Each structure stands twice: as C-alpha cells, then as structure tokens.
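Some notes on the structure that comes next.
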Amino acid sequence: MKLKVFELYFFDRFLINFFVTFESFISKKYVTESNRFVRTRKMSFKEYILYILTQTGCTNFAEAHKFYTKTLNHEFESITRQAIGKQRMYISSKLFIDMSECFIDKLYGKYKGFSKFKGYIVCACDGSIFDLPNTPTTKKAFDIPSDTVFERFLSRGRVSCILDVHSKHILTSKIVSRSVGEVKLAIEHLNNLNKRFDLTKLIVIYDRGYGSTQLMLHTTYLDSKFIIRLNGHVFKKKIEQMSSDDEIIKINIKNYILKKIDDEKVKEFAVKMERLEFRVVKVKLKNGDTEVLATNLDENEFSKNDLKELYGKRWTIETGYDKLKNFIELEEFSGIRKEIIEQDFYAGIFIYNLATTVKFNIENQNTCEIKNKDKKYNITANFSSIITLIYDYLYPLVIESKSVKTKIIDFILLLVSKELSYNEIKEEDELNSIKKPDYSTEHTGFKKRSKC
C-alpha cells in the first residue's frame, strides 16, 4: 500500500483565510463593560481570547504559566490565575459562538456540495449530560438544587448539538440547565439554522425522546425534514392499525397539542393544518428487533432502506460527544461561574470544528494504491494528533503573517498525513444493523493535570 503524493485541497486555503480575518472577533461588542480592556495590562483582549482557545485541560495555574511565560515569551515573569479569571468575566461567550458559527457558515458557503446525501445535508440531533464544577455557585447558575441531608444533587448540565453525520462538523450547540427539555433545544437549534442554512435541504435525525408533535409541526413549518425513532408509546394506536411497514398516518391537531407550542406563528400554522400527516416506516434489524421511524421524507425520493441507512448514521453524534469529552476535555471547566463555563464550552466547539475540518480534508483527499484491487480501505486521520497540533500552533496561526500561516497549515496537514491508518472495508450488509460508535482513535483519557 502506497500513499499517493500529498495533495492540498481548498480547505488549507480556507483555514488560512479564516485566520487572516480572525481580527474581526477582537471587537468591543464582546466586552460586557465598556471600561474594560481599555488600559494596557499584562495581557491584551486578543491574548485573553487566545488563552481561552488554547486551554488543554491543565489546572488554572499551569495554564496561566504555560500561556503567559511560554507562549507570550515573558521569561521569569508571571500572571496569577485570579487576575486572568477576573478579566475573563468581562468577555461574552457569544464571541466564541459567533466564531464557531462564522467558521461553519463560511465553510459550507464556500463548498456547498462537500457533505450531501441526495442533495441534502444530513444531521443528527441529540443531547448529552456534562459534569459541571460541584460548587454552590455553579449549581445556582444551572438551576441545580442544593444538597440536603437526605439527598445529594449532582452538578450536571445538558448539552445539545446538531452534527453533520457526513462531515462530522457541529453546526449548532448549546449548554444549559438540565431542566431545559431536549425538544425545546432541538427547536432552538432549528431556528438558529434557519437563519444560516437552506432548511429545505436539511434532514435532521432524532432518537427516542424526540417523538413530539411539537417538533414535527415546527420542522414542517420551517419546510425542513425529520427522521425520528419512535418509542413504543408514541402514536401507539395509530401504529398498531398499520396494515404495512410503510404508511402515512394522520394526527388531528387538538388543543392539548396547541398548548405545547410556544411560537405563535407555528401555532397559527398548526391551526390551519388541522391535521398532521407523516410517514411511519418499520425497519427490521439483523437481531430481529423492529424499529419504528417517523419522517416527512417522500417515499418516491427515500426508500425504506434509505431511511434505515440514514438512521444508522445517527451514531455519528455519539462519537462527536466522545471527542468533545475525551479529546478536547470539555468537562474540565476552568471556572465555576456560568460565564467561564460557557466560554470554555463554545471555545471547545470551535476547536472541535477546526480539527474536524483538518481531519475531513486529509481523509477525503488522500487515496491509496492497493495491490489487491478487490479490497477497499477507509483512511482515518488521528484526531488526537490533530488536536495536539492545533493547540500548539493556534497562537502563531492568529498573530503571524499570512505567509507564516500558510507554512503552519501546510506543516500540520503534512504531519497528519503521515499518521494515517488504513482500515479494510469488509463486505457486509450495513443496512441490517444500527451501528454503534466506532471509537477507533485512542486518547489518553486524563483529567485535570497539574503539568502540561
């Protein structure tokens, strides 16, 4: 097996150009108090942004020492973690939300066809529970009850994302209190994407727990598409009355459904509809189990096997959460206040998308010459190595000239291309089972480290 001559695709130029425009995020609109970051201090506003982006899960002391003494090259000088924490309180986490969304929007806008299935962008939406700092301050900010003599409440928050199952990019994300429902977050994601994407060409796949007429109606109102795996209790009578494995069922929109709809425009739309119609498909798995999928995709465009294949891709979001937790270590928050937690989270989402772009580029642009033509291989880039390189070179990628940025991006891509792994694709009916996550890339799994 030989690796062909390394070829750069447009992603390398895209990354360079994005970092050239990085200055647009160093804006006073992201400073929460007008009199902050005005005087000359040990670290500038821009350097605080880079400090947040380059944290690697160490203790605050280690992070402060590493960035100020080593990255900023202040030999035998120091800055306290308390000083950094104080100034960070005046930085809006919206900066990192906008940074990540701008990155995604520019990427998808520049190359509209790089992640499609029958002309659709296919995404998965799901939530995950993240551990938060176990302090009264954090618990209060995330609506977690205080511990009592009789009961202990874990300090945890809810994270929700919509992830492209083909490119693996996270298109939109939120970290909130566990008291916020998953369906509500899914609707907020759709509203966000409606401002940024053509939702008529977007399919979102949901697992059990999202079988809600409210979500179906909202998706229909936005003229978008859904695939939802139903549990055994949702629309049970209607499904039992089905005479085939692929039918349209109709649900009358009654007052109890309308009361759950918060958006008045969607409620008005639902009243005019009077009846919600959608397709229900029963798919049989290899183990003999039957899963029930609800969708508004047309049977003339998407067969039962197409739906089965698409739902199988939903597991991609689980591997996405694995990377967020174990490679980027998003649960290792550097502060106890909500503002700091949100900064860490959304900065981590940006780093994830940056690394995913590098990984996607390498895997899709490197092909292999195989002596045995009967075999096919998947090429996998090491995500852990990519993350390491991004943390090491992010600072010069921002502050150096365009020519230096170009050399850095080329060097990162070259190093990653040398660590590719080749996995043989075995012939098997992939439609016969709903896949579980493939955690093929090893990671250290460490927690807070005192040294880096």
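Fair warning: this is a prediction, and the values are worked out from it, not measured in the lab.
With ring centers used as reference points, Y51 lies under 6.0 Å from F67. Aromatic rings of F14 and F103 (six-membered ring for Trp) have centroids within the 6.0 Å cut-off, being under it. A ring-centre distance under 6.0 Å is found for F37 and F45.
With hydrogens and angles disregarded, no donor-acceptor distance shorter than 3.5 Å links the side chain of S27 to the backbone of S24. A distance-only check finds no donor-acceptor pair linking the side chain of S92 to the backbone of Y30 [under 3.5 Å]. Remark: the backbone N or O of L185 is not paired with any side-chain donor or acceptor of S160 at under 3.5 angstrom. A donor-acceptor pair under 3.5 Å is absent between the side-chain atoms of T219 and the main chain of F226, judged by distance alone. Checking side-chain atoms of K323 against main-chain N and O of I328 turns up no donor-acceptor pair under 3.5 Å. Of the possible polar contacts, none joining the E77 side chain to the T69 backbone as a donor-acceptor pair under 3.5 Å is found.
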**Request:** Decide salt bridge (Lys or Arg N to Asp or Glu O under 4.0 Å) for E47 and K42; before the verdict, give the C-alpha distance in whole Å, the side-chain angles of both, and the deciding distance to 0.1 Å.
**Result:** CA-CA 10 Å; E47 288 167 343; K42 283 189 172 184; over 6 Å; no

**Derivation of the salt bridge (Lys or Arg N to Asp or Glu O under 4.0 Å) call for D306 and K118** = CA-CA 10 Å; D306 286 336; K118 293 189 175 184; 2.7 Å; yes

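For E188, the salt bridge (Lys or Arg N to Asp or Glu O under 4.0 Å) test picks out K174, with sequence neighbours left out. Every residue was checked against the side-chain hydrogen bond (donor to acceptor under 3.5 Å, both in side chains) condition with S421, not counting sequence neighbours, and none meets it. Residues forming a salt bridge (Lys or Arg N to Asp or Glu O under 4.0 Å) with K46 (at least two apart in sequence, or on another chain): E23. Not a single salt bridge (Lys or Arg N to Asp or Glu O under 4.0 Å) links D223 to another residue, sequence neighbours left out. Under the rule for a salt bridge (Lys or Arg N to Asp or Glu O under 4.0 Å), R178 has no partner lying at least two apart in sequence or in another chain.
Remark: K139 is not positioned above the aromatic ring of F153, lacking an NZ or CZ atom under 6.0 angstrom from the ring centre and at most 45 degrees off the axis.
Of all non-hydrogen atoms in D298 and N300, the two that sit nearest each other are OD1-N, 2.7 Å. In terms of heavy-atom proximity, A355 sits nearest to I387 at CB-CD1, 3.5 Å. Here the closest heavy-atom approach between residue Y68 and residue M43 is recorded as CD1-CG, 3.9 Å.
With contacts defined as side-chain heavy-atom distances shorter than 4.5 Å, the pair F22/I49 qualifies.
Taking a cutoff of 4.0 Å between a charged side-chain nitrogen and a carboxylate oxygen, E363 and K359 qualify as a salt bridge. Using a 4.0 Å cut-off between a side-chain N of Lys or Arg and a carboxylate O of Asp or Glu, K110 and D105 do not qualify as a salt bridge. Taking 4.0 Å as the cut-off between side-chain N and carboxylate O, D410 and R13 count as a salt-bridged pair. Here R229 pairs with E291 in a salt bridge; the nearest charged N to carboxylate O distance falls below 4.0 Å.
Side-chain polar atoms of T388 and S385 form no donor-acceptor pair below 3.5 angstrom. A donor-acceptor contact closer than 3.5 angstrom links the side chains of N192 and E101. A donor atom on one side chain and an acceptor atom on the other are found under 3.5 Å apart for S179 and S177. N305 and S303 share no donor-acceptor pair across their side chains, judged by distance under 3.5 Å alone. A side-chain donor-acceptor contact under 3.5 Å links R88 and S334. One side chain, D207 or Y311, offers a donor N or O that lies under 3.5 Å from an acceptor on the other. Between the side chains of K66 and T56, a donor-acceptor pair is found at a separation under 3.5 Å.
Between Y120 and F302, the two ring planes are perpendicular [angle over 60°; tilted spans 30° to 60°]. Ring geometry for F25 against F18 counts as tilted: the plane angle lies between 30° and 60°, on a 0 to 90° scale.
Taking a 6.0 Å sphere around CZ of R196, one finds it holds more than 12 heavy atoms contributed by other residues, nucleotides or ligands. Open room surrounds CZ on R337; 12 or fewer heavy atoms of other groups in view lie less than 6.0 Å from it.
For residues 187-210, the set of pairs meeting the ring pair (Phe, Tyr, Trp, His ring centres under 6.0 Å) definition, not counting sequence neighbours, comprises Y108-F197, Y206-Y210.
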